[in-house]
There are 2 protein chains.
Amino acid sequence: MFIVLEGWACRYKILPNGARQIMAFLMPGDACDLHIKLLAEMDHGIQALTSALVARVSQGDMQALMQRHPNIAAAMYSAQLVDEGIMRAWIVSMGRRSSIERVAHLICELYLRARGIGLTYDDEFALPLSQLVLADALGMTAVHINRVLKELRLEGAMSLGRGSVVICDLAKLIQIAGFDENYLHRRLR
Amino acid sequence: MFIVLEGWACRYKILPNGARQIMAFLMPGDACDLHIKLLAEMDHGIQALTSALVARVSQGDMQALMQRHPNIAAAMYSAQLVDEGIMRAWIVSMGRRSSIERVAHLICELYLRARGIGLTYDDEFALPLSQLVLADALGMTAVHINRVLKELRLEGAMSLGRGSVVICDLAKLIQIAGFDENYLHRRLR
DNA sequence: CGGCACATTGATACCGATCAATCGGGGTGG
DNA sequence: CCACCCCGATTGATCGGTATCAATGTGCCG
């Protein structure tokens with residue numbers, strides 16, 4: 001089992017036609033594959049998006065740790081539930097949101113997650129993802145992502161550049177995204 | 001905690017603009033919300049799509065059951081992992097597959113799940129979902145679903161009608177969908 | 001200085017949404 | 001028993017949002 005300590009990673013899958021779809025972003029504190037051992041085969045890949053520092057915990061140690069500290073077990077379980085909520089939110093985004101809403105929604109999610117782990121500075125946070133990576137996460141084209149980002153910048157909602165995002169007007173961004181932070185707030189309970 | 005015994009249900013979310021997105025289908029044997037109690041609020045709704053028979057198990061009974069029978073606990077956990085795999089597959093579909101590929105992929109998934117619980121008769125199985133429901137699951141329009149179904153019928157891959165599907169040519173359907181059954185086969189381990 | 005990856009912008013094509021009309025079947029009320 | 005009605009399925013015409021193709025700009029690294 002792995003835990004990201006620094007840097008970013010993602011879960012992804014490559015389709016027969018060569019297209020890539022990213023299914024999740026892993027930020028510091030996120031764990032991958034509590035469970036690989038239970039399953040036959042990974043159905044997707046995991047990849048670092050920046051240079052990253054990753055901790056490895058053996059299956060046995062993890063088992064022992066969770067038995068000795070029920071609170072840790074509960075926390076891991078609850079983190080997994082949040083991850084599921086995030087996946088459901090992604091499905092909603094891809095299915096029923098326009099491209100600008102999708103981009104705004106993803107930035108809202110990442111901003112709140114970053115804030116939750118103390119990685120924001122005021123209304124800014126590091127987002128070391130190329131537009132191509134964002135496109136593969138949102139099911140769109142890098143070209144079109146670029147146009148959408150321009151529109152969001154002109155609207156005064158947010159501005160992405162040089163590996164970091166500035167949230168100019170969070171309320172507006174949330175309103176554009178139709179963002180319901182309920183599914184992430186769980187993290188706080 | 002609830003378990004579907006007969007009939008179909010779905011997880012869904014309604015957006016501010018009134019659009020509905022279905023995030024999962026629940027078939028007989030599927031459980032909802034092992035965990036509602038842990039979380040503050042449901043971030044989505046659950047709804048029966050047919051008349052359905054549902055079992056309710058109290059939190060306490062479930063806890064006791066899982067402690068007494070580790071195999072059951074492991075099975076529940078593993079079922080949840082499969083559900084996550086299904087969600088990831090949906091994200092991939094919505095992001096990077098064309099409408100016809102999406103439809104084919106969903107039918108592949110549902111067919112294999114139905115077969116896994118003994119609900120198929122040869123190459124046919126009951127699919128009591130209106131085209132509007134399918135559209136809301138796949139992020140498309142009922143009108144367009146209809147056209148895609150026609151195309152799949154003309155291709156000789158499958159035929160949907162009257163609440164049931166006939167898989168005419170599974171190999172062709174899988175090929176159209178770019179279906180990788182790996183993520184469902186886990187169910188068999 | 002050169003090269004390379006990423007960002008940006010323009011022109012055009014196409015997939016799927018939208019609008020609109022008709023059809024068909026099953027249930028309901030008279 | 002029949003007429004009506006309503007929901008879902010089907011089909012056609014048109015619109016619009018993104019993809020695609022193509023070219024140029026820009027910053028970083030060797």
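So you know, we letter chains A, B, ... as the sequences are listed, proteins then strands, and number each from 1.
- For A:Ile145 and C:dA5, the CD1 to C1' distance is 17 Å, given to the nearest whole Å.
- Around atom CG of A:Asp122, no more than 12 heavy atoms belonging to other residues, nucleotides or ligands sit under 6.0 Å away.
- Comparing A:Arg153 and A:Arg96, the nucleotide of DNA chain C nearest to each residue sits closer to the 5' end for A:Arg153.
- When rounded to the nearest whole Å, the span between CG of B:Asn17 and C1' of C:dT18 equals 14 Å.
- Summarising the geometry, the separation between CD on B:Glu101 and C1' on C:dG16 is reported as 14 Å, rounded to the nearest angstrom.
- A straight line from CD of B:Glu151 to C1' of D:dT11 spans 15 Å, rounded to a whole angstrom.
- Contact annotation: B:Ser99 reaches the phosphate of C:dG16 (side-chain N/O to OP1 or OP2, under 4.0 Å).
- For residues 126-140 of chain B, proximity to DNA chain C is found at B:Gly139, B:Met140, defined as any non-hydrogen atom under 4.0 angstrom from a strand atom.
- Ring geometry, B:Phe25 versus B:Trp90: the interplanar angle exceeds 60°, so the pair is classed perpendicular (tilted spans 30 to 60°).
- Atom CZ of A:Arg162 and atom C1' of C:dA5 are 15 Å apart (whole Å).
- For the side-chain hydrogen bond (donor to acceptor under 3.5 Å, both in side chains) test, residues two or more places apart in sequence or in another chain that qualify with A:Glu124 are A:Ser164.
- When the side-chain nitrogen and oxygen atoms of A:Asn146 are compared with OP1 and OP2 of C:dA7, none of them lie within a distance under 4.0 Å.
- Interatomic distance, CZ of B:Arg96 versus CE of A:Met140, reported as 9.5 Å (0.5 Å rounding).
- Atom CE of B:Met94 is separated from atom C1' of C:dG16 by 13 Å (rounded to the nearest Å).
- Counting distance only, with no hydrogens placed and no angle test, the side-chain atoms of A:Arg147 and the base atoms of D:dG17 include no donor-acceptor pair under 3.5 Å.
- To the nearest 0.5 angstrom, A:Glu109 atom CD is 4.5 Å from A:Ile86 atom CD1.
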field: Trace of the side-chain contact (heavy atoms from CB on, under 4.5 Å) decision for B:Gln59 with B:Gln63
entry: CA-CA 6 Å; B:Gln59 190 74 13; B:Gln63 213 72 43; 4.0 Å; yes
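- Panel note: side chain B:Lys13, backbone A:Arg88; no donor-acceptor pair is recorded below 3.5 Å.
- Residue-to-nucleotide proximity on DNA chain D shows that, of B:His144 and A:Arg97, the 5′-proximal contact is made by B:His144.
- Considering only side-chain N and O atoms, A:Lys150 lies nowhere under 4.0 angstrom from the phosphate OP1 or OP2 of C:dT8.
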